[in-house]
Amino acid sequence: MATKETASGVTGMFLFPRFTARIGRATFSAAIAMGLLATSAQAQITVTMTDDVVDFGGLQQVSDLPGPDGMVSFREACTAANNTAGPQTIAFAIPSGLPHQWSAGVAILYMDFYSFFLTDDETTVDFTTQTAFTGDTNPNGNEVGIYVSTSGVGGAAIWVNADRCVIKGLDRITWGGYGVRIGGNDNRVIGCTISGPLFAGVYINGTFGGAPALRNVVGGTSPGEGNDLDAGNSGVRIDGPARDNLVIGNTLSGSFYGVEVRSPTCCPGNEAVNNRIGGPTPEERNVIRGAGKYSHEGFPDGGQVKVEYSPDNIVEGNYIGVNADGRTLPATQRGPVGVEVRSAPGTIVRDNVIGGIKITGVNHAAGKRYGDAIKIMGDCVGSIIQGNLIGVDATASFSVPNRAGITAVYWSVDGMPVTAGPITIGGQLPGDANIIANSELHGVQIEDRISGVRVSGNSIHDNGTLGIDLLIQRGGEGPTLNDAGDGDTGANGLQNFPVLLDASSGATTSTVRGELDSLANRAFVVEFFANADCDPSGYGEGGLFLGSTTVTTDAGGFASFIASLATAVPPGHVVTATATLDQNGDTSEFSVCIPVADALDLTATPLKRGAPADLTVANAIPGERIYFLYTMAGMGAGPCPGSLGGLCLDLLNPITIAGDSLADNSGVAVLRVPIPSNAPLVDVYLQAVVRRGTGGAASLKSNPVSTTIQP
């Protein structure tokens with residue numbers, strides 16, 4: 001993918017005099033010079049000047065330093081390190097007086113010709129040694145920066161074509177293409193405060209058509225290793241071929257993106273693969289916020305993270321759009337997307353906090369609102385979005401709204417349409433669920449040509465429009481009604497949602513009855529949710545995942561279900577559901593909400609030999625008959641009697657009916673059971689049922705109770 005780049009964010013150049021004369025070098029203290037250079041025998045080279053000169057000869061190795069001027073330039077140090085076998089450390093001890101170039105407490109190295117290349121393995125460039133020499137002269141960053149003259153613009157200030165090198169403590173760079181460019185393996189960039197009008201603060205890119213850049217690390221997990229990169233177009237950019245690189249523990253921004261991972265579309269084998277932005281521990285977290293800019297028309301552009309045409313990368317555990325406290329917002333936020341995944345199969349976006357992605361346009365876009373916490377575009381087969389806090393802070397206690405939550409839109413590559421799914425948003429295992437809340441618009445929206453997006457187990461609530469919105473066409477927001485046999489087409493096949501008939505809840509469990517009309521002879525996963533209230537449209541969001549059941553439609557596309565769920569519905573909440581075509585992951589919108597009745601609640605007095613015991617059920621309908629069952633075989637997945645419409649009991653066979661009783665006007669039924677004086681001292685398991693509906697289709701069961709007969 002050939003592109004022509006221009007660095008953005010240029011606000012001016014350093015305004016300070018540059019003295020190129022050699023005044024003072026000959027009289028530079030011989031004692032100081034010898035002291036600074038004495039460590040070369042211990043594989044250290046110390047830079048003592050800011051000009052870009054080379055005047056030493058011989059084999060231009062460490063032993064040939066310094067040259068006739070008695071000083072060591074950064075280019076001389078790099079050249080000597082490249083020409084000398086073994087590990088080298090480049091240190092800095094640049095006096096603060098003339099003829100050296102300083103600006104706002106930063107020693108400015110001039111790059112007059114071309115990049116400062118490192119080609120020898122295991123070279124460390126430690127700019128923080130300047131701080132030890134002159135003190136902390138720049139409280140807002142580090143003490144050494146680089147000024148790139150016109151002849152060097154477009155390249156890298158420091159170009160690492162070696163392995164196991166370290167760049168530590170670099171400050172701002174002016175007029176360069178990239179701050180640090182890495183083409184080798186196992187290199188590290190730590191503790192840098194790079195700003196300036198650059199293409200990227202750190203750029204990782206292997207040899208096009210050749211070896212990828214491998215296992216490089218930008219940042220770290222120890223104190224002081226994280227970088228603060230607010231550098232031009234991107235804080236960090238990784239272009240293919242590149243593999244297994246890490247970006248961890250940093251604060252990142254840019255005029256377009258905080259982090260970009262990109263691959264060319266033209267040439268297979270040059271992908272950026274299996275790179276990780278962030279990680280599973282707090283120490284690996286990046287804070288990525290404030291990136292983006294306005295176009296000249298006033299439309300916001302860019303975002304915080306972009307993964308483009310690059311498979312199997314991970315964006316994990318970051319604070320995106322918010323500051324390091326996980327809640328507050330930066331002073332400026334112009335990028336209209338938190339994480340953009342564009343035709344990048346196998347991308348994993350998990351455990352991030354994403355908030356504050358809501359931007360108002362200016363100029364021709366004045367008053368218009370933009371922002372998607374996560375945007376999925378094009379071929380993202382196998383991508384997973386799990387465990388993210390979207391629209392809430394890092395504690396999930398405070399609202400940090402985005403304009404929209406997760407949006408899946410159509411995208412094509414080279415003009416050809418692509419397949420989007422399967423894509424998974426959430427899941428039913430611990431830690432899989434996303435919180436998607438407080439958006440000004442939708443929680444999840446899927447565009448008309450997108451399919452295979454499985455939305456499962458999430459907490460979706462308090463969004464301005466629908467929790468899940470499937471579009472027939474762009475601009476067709478709002479509830480999409482079911483159709484007979486589910487033959488229509490659109491986003492996720494416009495999968496029909498379930499129709500809920502009734503729901504009840506006890507102290508620890510709940511029961512939901514309903515129907516599904518969809519494709520014939522297919523398996524569907526029906527998921528159930530509780531929400532504080534319905535969407536104003538009458539359809540649901542899903543703040544609390546209750547559980548799921550699997551149903552199979554008949555030849556007419558019909559299935560009924562009674563789901564016994566191991567989670568109670570909070571008082572005053574409503575219940576809603578989604579249906580997912582299991583074979584490809586098409587998830588429906590949320591169903592119409594229904595209120596929740598109190599479930600049958602069974603209690604028992606102690607069972608003692610020779611005394612009666614009372615079995616009591618509450619929350620029944622006055623006048624209906626309650627049947628009391630018992631077994632000594634235990635509790636578990638019991639039989640599903642046809643007389644109860646297939647309602648599955650929680651008692652194991654053999655099950656006996658102890659008796660029945662009518663509910664009184666308060667919905668309470670009591671059965672007094674005599675306990676024989678010679679009854680065995682065994683465990684007894686109890687449950688009550690009521691037969692409701694035609695053929696028992698609306699039958700309910702109580703909670704099971706375990707007790708023991710006492711002497």
Side-chain angles (χ1 to χ4, degrees), residues 43-45 60-62 74-91 111 114-127 146 148 152 154-170 173 176-192 194 198-220 225 227 229 231 234-250 259-264 267 269-277 310 313:
Q44 177 166 300
I45 312 162
Q60 292 192 323
Q61 296 179 337
V62 173
F74 185 41
R75 190 171 301 280
E76 288 176 323
C78 293
T79 301
N82 294 338
N83 292 335
T84 304
Q88 315 291 334
T89 294
I90 298 176
M111 193 183 95
Y114 43 80
S115 300
F116 296 113
F117 283 97
L118 295 179
T119 59
D120 187 51
D121 296 343
E122 300 182 8
T123 299
T124 296
V125 182
D126 189 355
F127 293 98
I146 298 175
V148 181
I158 300 175
W159 195 325
V160 181
N161 279 327
D163 300 338
R164 301 180 300 283
C165 295
V166 178
I167 307 298
K168 179 180 180 181
L170 177 62
I173 300 172
Y178 305 97
V180 179
R181 180 169 182 173
I182 297 174
N185 306 324
D186 302 299
N187 300 287
R188 297 192 67 196
V189 179
I190 58 177
C192 295
I194 300 175
L198 307 171
F199 297 147
V202 177
Y203 179 39
I204 299 174
N205 176 228
T207 303
F208 191 81
L214 301 172
R215 299 180 302 276
N216 300 288
V217 180
V218 180
E225 290 186 338
N227 303 283
L229 307 178
S234 304
V236 175
R237 199 175 94 192
I238 302 174
D239 279 0
R243 180 183 291 270
D244 302 326
N245 300 285
L246 299 180
V247 181
I248 54 176
N250 307 284
V259 183
E260 290 185 273
V261 180
R262 316 185 315 174
S263 298
C267 312
N270 288 281
E271 292 85 6
V273 180
N274 200 37
N275 303 284
R276 174 156 55 87
I277 313 303
S310 302
N313 293 281

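The first residue in the sequence is number 1, and the count goes up from there. FYI, side chains are in, hydrogens and waters are out, and symmetry mates aren't considered; it's all heavy atoms of this structure.
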### Query
side chain to side chain donor-acceptor pair (under 3.5 Å) with N187: which residues, sequence neighbours excluded?
N216
### Query
For N161, what residues pass the side chain to side chain donor-acceptor pair (under 3.5 Å) criterion, not counting sequence neighbours?
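Residues passing side chain to side chain donor-acceptor pair (under 3.5 Å) with N161: W159.
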Any heavy-atom pair between the side chains of [Y] and [X] that's under 4.5 Å?
{"X": "N275", "Y": "I204", "value": "no"}
{"X": "I194", "Y": "V180", "value": "yes"}
{"X": "I248", "Y": "V217", "value": "yes"}
{"X": "L170", "Y": "I146", "value": "yes"}

Locate the shortest heavy-atom distance separating [X] from [Y]; write the atom from each residue and the value.
{"X": "A272", "Y": "S310", "result": "O-CB, 3.2 Å"}
{"X": "G219", "Y": "N250", "result": "CA-OD1, 3.3 Å"}
{"X": "R243", "Y": "P212", "result": "N-CB, 4.4 Å"}
{"X": "P87", "Y": "A43", "result": "O-CB, 3.1 Å"}
{"X": "C165", "Y": "E122", "result": "SG-N, 3.8 Å"}
{"X": "F116", "Y": "C78", "result": "CB-SG, 4.1 Å"}

Has the side chain of [X] got a donor or acceptor atom that lies under 3.5 Å from a matching backbone atom of [Y]?
{"X": "N227", "Y": "C192", "answer": "yes"}
{"X": "D126", "Y": "T89", "answer": "no"}
{"X": "R75", "Y": "S115", "answer": "yes"}

### Query
Under 3.5 Å, is there a donor-acceptor pair between the E260 and S234 side chains?
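Note: E260 and S234 side chains meet the donor-acceptor criterion.
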### Message
Just by distance, no angles: are the side chains of D244 and N274 close enough, under 3.5 Å, to form a donor-acceptor pair?
### Response
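N274 and D244 do have a side-chain donor-acceptor pair below 3.5 Å.
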How far does [atom1] of [X] sit from [atom2] of [Y], to the nearest 0.5 angstrom?
{"X": "K168", "Y": "T124", "atom1": "NZ", "atom2": "OG1", "result": "9.0 Å"}
{"X": "I238", "Y": "R276", "atom1": "CD1", "atom2": "CZ", "result": "11.5 Å"}
{"X": "Q61", "Y": "T79", "atom1": "CD", "atom2": "OG1", "result": "12.0 Å"}
{"X": "D239", "Y": "E271", "atom1": "CG", "atom2": "CD", "result": "12.0 Å"}
{"X": "N205", "Y": "R237", "atom1": "CG", "atom2": "CZ", "result": "7.5 Å"}

### Message
For E76, give me all partners under salt bridge (Lys or Arg N to Asp or Glu O under 4.0 Å), at least two apart in sequence or on another chain.
### Response
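Salt bridge (Lys or Arg N to Asp or Glu O under 4.0 Å) list for E76, sorted by chain: empty.
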### Message
Under the rule for salt bridge (Lys or Arg N to Asp or Glu O under 4.0 Å), what residues qualify as partners of D121, not counting sequence neighbours?
### Response
R164
### Query
Listed by chain and number, what are the ring pair (Phe, Tyr, Trp, His ring centres under 6.0 Å) partners of F127, not counting sequence neighbours?
F74, F92
### Task
Mind running side chain to side chain contact (heavy atoms under 4.5 Å, CB included) on I190 and V166 for me, showing each step along the way?
CA-CA 8 Å; I190 58 177; V166 178; 4.1 Å; yes
### Task
Decide yes or no on side chain to side chain contact (heavy atoms under 4.5 Å, CB included) for L229 and V218, but give the supporting numbers first.
CA-CA 10 Å; L229 307 178; V218 180; 4.2 Å; yes
### Task
May I have all residue pairs that pass salt bridge (Lys or Arg N to Asp or Glu O under 4.0 Å) and include part of residues 201-217, sequence neighbours excluded?
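Counting only pairs at least two positions apart or across chains, the salt bridge (Lys or Arg N to Asp or Glu O under 4.0 Å) contacts touching residues 201-217 are D186-R215.
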### Message
Given I167, which partner from the list T123, V160, I182 fulfils the side chain to side chain contact (heavy atoms under 4.5 Å, CB included) test?
### Response
V160
